[in-house]
Number of protein chains: 2
Amino acid sequence: MTLLEDYVELIADLLKEHGEARTTDIARILGVTHPTATKTIARLRREGLAVSRPYRGVFLTEAGIALADRVRRRHRLVVELLIAVGVPQESAEADAEGIEHHVSDVTLSAFERYLKKSAAGGRSLGATGKP
Amino acid sequence: MTLLEDYVELIADLLKEHGEARTTDIARILGVTHPTATKTIARLRREGLAVSRPYRGVFLTEAGIALADRVRRRHRLVVELLIAVGVPQESAEADAEGIEHHVSDVTLSAFERYLKKSAAGGRSLGATGKP
DNA sequence: TTCGAAATATAGCCAAAGCTACATTTTCGT
DNA sequence: ACGAAAATGTAGCTTTGGCTATATTTCGAA
């Protein structure tokens with residue numbers, strides 16, 4: 001189940017890296033068929049997060065860009081937190097995709113504090129690089 | 001969006017505490033209307049996780065009980081992990097409800113290891129009781 | 001330049017999870 | 001014992017997120 005947030009995040013990435021976000025690429029990367037992507041993009045438009053013209057790719061509105069930024073930051077923090085407590089990178093990346101949508105602001109702040117402390121001097125816990 | 005796993009977990013709780021699991025209670029606790037609960041219970045039956053007779057409550061099959069155990073354990077670990085990294089208990093409980101369904105076995109094992117280490121001697125990180 | 005392949009769109013289907021409205025069965029109080 | 005209230009069930013609608021099949025548009029290569 002792929003959520004609007006994932007689409008927005010991916011579209012932002014594609015726009016930054018390639019200057020355009022094409023329906024087919026979005027579908028392929030998210031692992032859905034292109035009609036599914038098309039339908040969701042229509043919903044993004046309806047909700048004021050993106051604009052698109054037929055056969056001309058997708059672009060984000062201000063609201064879409066703002067959402068993408070928030071989502072990306074949250075995603076990054078979740079992955080880092082998971083790695084910091086010892087989750088293998090691969091699992092961290094994979095699980096974060098599902099987890100991130102359920103992390104509240106309060107929890108996110110806690111993650112941030114933890115990572116800061118952890119970076120500062122917490123050497124006895126989590127992933128140390130040594131088994 | 002309430003998943004099968006949540007129903008199974010709740011039904012197990014109700015059965016343990018009250019000896020019965022009634023549709024109305026399930027609906028009320030999960031915050032959905034009773035037709036929604038009824039429909040999901042039908043799905044539990046279809047998938048071999050529960051049995052029920054009209055007007056006579058719901059019971060879990062062996063498979064249902066096994067699932068409930070796994071879900072409960074995972075839920076507990078997720079809450080404990082969140083608290084261990086400094087998430088306030090209330091947020092931990094609330095967010096765990098959504099997060100737990102996306103935690104893989106690998107990640108869960110990592111949580112377990114972290115909590116063990118943390119309990120053993122990791123005193124410098126996470127919730128210490130002191131701000 | 002034009003034609004075929006690739007990209008995109010559209011139509012229509014499905015299941016899940018939610019709802020309201022209505023029907024039926026139990027249960028409980030008098 | 002009976003009738004009303006509570007519990008449960010059923011019907012049918014909605015949205016979301018999938019799908020396949022089919023139509024259309026764009027684009028690149030001959």
Side-chain angles (χ1 to χ4, degrees), chain A residues 1-11 13-15 17-60 63-64 67-68 71 94 97-102, chain B residues 1-11 13-15 17-60 63-64 67-68 71 94 97-102:
Chain A
M1 193 183 302
T2 313
L3 302 173
L4 285 195
E5 291 183 347
D6 297 312
Y7 279 81
V8 169
E9 190 179 3
L10 173 57
I11 291 167
D13 284 347
L14 290 174
L15 287 174
E17 287 175 37
H18 302 100
E20 62 177 5
R22 313 184 72 86
T23 303
T24 301
D25 294 330
I26 294 169
R28 184 176 36 75
I29 295 172
L30 292 179
V32 299
T33 57
H34 62 89
T36 298
T38 300
K39 200 186 289 190
T40 306
I41 290 165
R43 201 145 67 84
L44 290 179
R45 243 185 295 117
R46 242 189 299 151
E47 305 204 0
L49 296 169
V51 289
S52 70
R53 293 203 329 281
Y55 301 95
R56 284 294 173 269
V58 192
F59 299 89
L60 295 177
L67 177 58
V71 168
E97 213 58 61
I99 289 174
E100 57 178 353
H101 303 292
H102 301 92
Chain B
M1 192 186 301
T2 313
L3 303 173
L4 285 196
E5 292 183 347
D6 296 312
Y7 279 81
V8 169
E9 190 179 3
L10 174 56
I11 291 167
D13 283 347
L14 291 175
L15 287 174
E17 287 177 37
H18 302 99
E20 62 176 9
R22 313 184 72 87
T23 303
T24 302
D25 295 331
I26 294 168
R28 183 175 36 77
I29 295 172
L30 293 179
V32 299
T33 57
H34 65 91
T36 299
T38 299
K39 200 186 289 190
T40 307
I41 289 166
R43 200 146 68 85
L44 290 179
R45 243 185 295 118
R46 241 190 297 152
E47 305 204 0
L49 296 169
V51 289
S52 69
R53 295 205 325 284
Y55 300 96
R56 285 293 172 272
V58 191
F59 299 89
L60 295 177
L67 178 57
V71 168
E97 213 59 60
I99 290 174
E100 56 177 353
H101 303 292
H102 301 92

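Keep in mind it's a predicted model, so treat the numbers as computed, not measured.
Taking atom CD1 of residue A/Ile26 and atom P of nucleotide C/dA7, one finds them 14 Å apart after rounding to whole Å. Distance B/Leu3 CG to C/dA15 P: 19 Å, rounded to the nearest Å. B/Leu44 has its CG atom 13 Å from the P atom of D/dG9, to the nearest Å. In this entry the distance linking CG of B/Asp25 with P of D/dT8 reads 7 Å, nearest Å. When rounded to the nearest whole Å, the span between CZ of B/Arg53 and P of C/dT24 equals 21 Å. In this entry the distance linking NZ of A/Lys39 with P of C/dG12 reads 12 Å, nearest Å. Taking atom NE2 on A/His18 and atom C1' on C/dA7, their separation rounds to 17 Å, with Å as the unit. Rounded to whole Å, atom C1' of D/dT15 lies 11 Å from atom CD of A/Glu47.
Counting heavy atoms from C-beta outward, B/Val71 and B/Val8 have side chains that stay 4.5 Å or more apart. Residues A/Thr40 and A/Leu4 have side chains in contact (heavy-atom distance under 4.5 Å, counting atoms from C-beta outward).
Dashed line: the shortest gap from a side-chain N or O of A/Arg22 to OP1 or OP2 of C/dT8 is under 4.0 Å. Residue B/Arg56 places at least one side-chain N or O under 4.0 Å from the OP1 or OP2 atom of C/dT27. Between A/Thr24 and C/dT8, a side-chain N or O to OP1/OP2 separation shorter than 4.0 Å is present. For A/Thr23, no side-chain nitrogen or oxygen approaches OP1 or OP2 of C/dT8 to under 4.0 Å.
Residue A/Thr40 is out of contact with every strand shown, counting any heavy-atom pair closer than 4.0 Å. Counting any heavy atom pair closer than 4.0 Å across all strands shown, A/Arg46 reaches sugar-phosphate atoms only and no base atom.
Nearest heavy-atom pair across A/His101 and A/Asp6 is NE2-OD1, 3.1 Å. Contact detail for B/Ile41 and B/Ser52: the closest heavy-atom pair is CG2-OG, 4.1 Å.
The side chain to side chain contact (heavy atoms under 4.5 Å, CB included) test with B/Val58 is passed by exactly one of B/Leu49, B/Ile26, B/Thr38: B/Ile26.
Distance CG/B/Leu30 to OH/B/Tyr7: 5.5 Å, rounded to 0.5 Å.
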Requested in this report: List the steps, then state whether side-chain contact (heavy atoms from CB on, under 4.5 Å) holds for B/Leu44 with B/Ile11.
Outcome: CA-CA 11 Å; B/Leu44 290 179; B/Ile11 291 167; 3.6 Å; yes

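Within residues 29-38 of chain A, the residues having any heavy atom under 4.0 Å from DNA chain C are, by residue number, A/His34, A/Pro35, A/Thr38.
Comparing A/Tyr55 and A/Tyr7 by the nucleotide of DNA chain D whose heavy atom lies nearest to each, the residue mapping closer to the 5' end is A/Tyr7.
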